[in-house]
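What follows is one structure encoded as structure tokens, with my remarks underneath.
Note that this is a predicted model, so its numbers are computed, not measured. In what follows, chains are A, B, ... by sequence order, proteins preceding strands, each numbered from 1.
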Amino acid sequence: MLNVYNTLTRQKEEFIPLEKGKIKMYVCGPTVYDYFHIGNARSFINSDFIRKYLEYKGYEVTFAMNLTDIDDKIIKKANTENVPASEIANKFTKAFFEDITLLRIKPATIYPKATEHIDDIIAMVKTLVDKGYAYVSGGDVFYDISKFTSYGKLSGKNIDDLIEGSRVEINTTKTNPLDFALWKAAKPGEPSWVSPWGSGRPGWHIECSAMSCKHLGVTFDIHAGGNDLIFPHHENEIAQSEAANQKPFARYWFHFGFLNINNEKMSKSLGNFFTVRDFLKKYSPETIRFFFAQTHYGAPLNFSEEGLDGAHKGLQKIENLVARINELTPDATDISSDTSIDFAAFYELFEKAMDEDFNTPKACGVLFDFIKDANKALNSQSQSSKATLLEIRKFIEATAVNIFGITSFEKETESSVSLENELIELLIATRIEAKKAKQYPLSDFIRDELKKLGIMLQDGKDKTTYKKSSQ
RNA sequence: GGCGACGUACCCAAGUGGCUUAAGGGGAAGGUCUGCAAAACCUUUAUUCAUCGGUUCGAAUCCGAUCGUCGCCUCCA
């Protein structure tokens, strides 16, 4: 049984998809006007964990992530750089795909773009106007929130409080300052499309309503996004979709906590952010993913070097076990698998953790307990059992690899026959000879110099291995 | 001002009424291994959950107050 915290009901509830065995999931994607930062990455990676766990459980997941490719910020940037808006959008759409690939994020089933759904958007705006939920003012179309009685149900806000604390500029063309644009009249030099209200472009919120409806249906299972989207974005989506379709919109709402820096939200407007591409120069995608996995998706997480370094060290425990399995596998025998590892119990604990609102930190704990047991079992066996190694491998594969995406059994096997590696092996052999001759200054020199090059020698019981350092 | 979240060891972080006199990771300490190291592996590391009251047979977990931190109410993952 999978329990999830639903922002809409503000409580944990059992997750039951609309259609048995199938899940339709929508996550708000990027506005493609810049490289995305690791705060954005946290949402994308958490979505990835959730999606992959649902697939682990056997669900067929249709996962849609929108790309907002027409918007004020894109236009602003295009004007500054004196290029067409589409050029900006294309450039950063390409960058987005490059970055999520580096982060080992499984591609969505579909990435609908706003500019490719203008007809659907216009149709939905028209429906809202026809049904009386929206009004035309000049070439703009606004949503009249007073017509949607349950406005505020997701964010827990009420309209009166909002008006009182409103920092929205008074726009005289709107009936109510909180009414939001569904369609914006074109200004000179802006990209625009022909509509029943004159040429213009869609407002921000409407694309998600129109595209989710088109690709996932009127009512679908999961809608997720960052905490800051609850209001107004998601609130407005509900108002649009439920008014237009007269049917419930998303059934379960998940919201991701922020990645903070110095306990402040990391955001482009505050300027305190790192782009993913810069960040990947210093830390591996596995480290970033594991850093995120160790905190619950909904909780705020403070970014820190210490935290990243800690995650990297923890990650090495998993990688060490993987390396150990790889090393032992060729010499393993068919002796029966008689270990103290209770595999079934570990699967159960892992699933129990993930079933409790995708509790990845707890699941990581299970993973570490498993690693400890696996190491102990391997320590106690003078000869490795093929079956045991395979079982250990299967568990790591199913959890750490397939869901967290934090390691791999295939790493570096292809490049291991390079000249560089042969030279390292040669130096190791030289050092062993030096050690045999008790020429320790020479052996230490080789060790130290290789270390300076980022190659760590590891003297084992009967052989010396090496490891290239990386974050 | 309105709404909401949170405060657990040196640091990060699960746990939200009895299974927990609080998982896991980092750090630290000890051990095995080693020529010595490093790495690896093993062991140890909170009678206590911001503070103060209350409810209960029983609370870190529920309720109230206080202090502190953060977010949303404008674009933001």
Trace of the salt bridge (charged side-chain N to carboxylate O under 4.0 Å, His left out) decision for A:Arg251 with A:Asp221: CA-CA 5 Å; A:Arg251 302 168 63 237; A:Asp221 298 299; 2.9 Å; yes

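Nucleotides B:A9 and B:A29, compared at atom C1', are 16 Å apart to the nearest Å. Across the C1' atoms, B:A46 and B:U21 are found 11 Å apart, a figure rounded to whole Å. One P atom belongs to B:C42, the other to B:C33, and the distance between them is 16 Å to the nearest Å. When the P atom is compared between B:A59 and B:U51, the two are found 16 Å apart, to the nearest whole Å. If you take atom C1' in B:U8 and the same atom in B:U16, they sit 12 Å apart, rounded to whole Å. With C1' as the reference atom, B:U55 and B:C67 are 23 Å apart, rounded to whole Å. Of the P atoms belonging to B:A37 and B:U43, the separation is 23 Å, rounded to the nearest Å. B:G26 and B:U66 have their C1' atoms separated by 34 Å, with the value rounded to a whole Å.
A:Ser304 comes within contact range of no nucleotide atom at all, as no heavy-atom separation falls under 4.0 Å. Counting non-hydrogen atoms under 4.0 angstrom, A:Asp459 reaches a base of the nucleic acid. Across all strands, A:Phe290 comes closer than 4.0 Å to no nucleic acid atom at all (heavy-atom distances). Note on A:Gly307: nothing from the nucleic acid sits closer than 4.0 angstrom, heavy atoms only. At a threshold of 4.0 angstrom between heavy atoms, the contacts of A:Phe368 are confined to the sugar-phosphate backbone, with no base atom among them.
Taking only distance into account, the side chain of A:Ser155 never meets the base of B:G4 through a donor-acceptor pair shorter than 3.5 Å. With hydrogens and angles left out, the side chain of A:Lys157 and the base of B:C72 share a donor-acceptor pair within 3.5 Å. A donor and an acceptor atom never sit less than 3.5 Å apart when one is taken from the side chain of A:Asp309 and the other from the base of B:G25. A:Arg447 contributes a side-chain N or O that forms a donor-acceptor pair with the base of B:A37 under 3.5 Å. Counting atom types as modelled, A:Lys372 pairs no side-chain N or O with a base atom of B:C41 as donor and acceptor under 3.5 Å. Interface remark: the A:Asn46 side chain does not form any donor-acceptor pair with the B:A77 base, using a distance-only criterion of under 3.5 Å.
With hydrogens and angles left out, the side-chain atoms of A:Glu13 and A:Tyr252 include no donor and acceptor closer than 3.5 Å.
For B:C57, the paired base is B:G18 (Watson-Crick or G-U wobble, both distances below 3.5 Å). Pairing partner, B:U51: B:A65, with both Watson-Crick or wobble hydrogen-bond distances short of 3.5 Å. The nucleotide B:A46 finds no pairing partner, because no Watson-Crick or G-U wobble arrangement with both distances shorter than 3.5 Å includes it. Nucleotide B:C36: unpaired (no Watson-Crick or G-U wobble partner with both distances less than 3.5 Å). Using the Watson-Crick or G-U wobble rule with both distances under 3.5 Å, B:G1 pairs with B:C73.
In terms of phosphate contacts, A:Lys435 brings no side-chain nitrogen or oxygen within less than 4.0 Å of OP1 or OP2 of B:C36.
B:A14 atom C1' lies 13 Å from atom NZ of A:Lys352, rounded to whole Å. Atom P of nucleotide B:C6 and atom CG of A:Leu301 are separated by 16 Å, given to the nearest angstrom. Rounding to whole angstrom units, CG of residue A:Asn158 and P of B:C3 are separated by 8 Å. Protein atom NZ of A:Lys362 is 12 Å distant from nucleotide atom P of B:A23, rounded to whole Å. B:G35 atom P lies 15 Å from atom CD of A:Glu433, rounded to whole Å.
The aromatic rings of A:Tyr26 and A:His223 are tilted relative to each other, their planes meeting at an angle between 30° and 60°. Classification of the A:Phe274-A:Phe279 ring pair by plane angle, with boundaries at 30° and 60°, yields tilted. Taking the six-membered ring where the residue is Trp, A:His234 and A:His255 present tilted rings, their angle falling between 30° and 60°.
When the nucleotides B:A23, B:A77, B:C41 are ranked by their closest atom to the side chain of A:Asn320, B:C41 comes out on top.
Ion pairing between A:Lys12 and A:Glu356 holds under the 4.0 Å rule for side-chain N and carboxylate O.
Aromatic pair A:Phe254/A:Phe358: centroids less than 6.0 angstrom apart.
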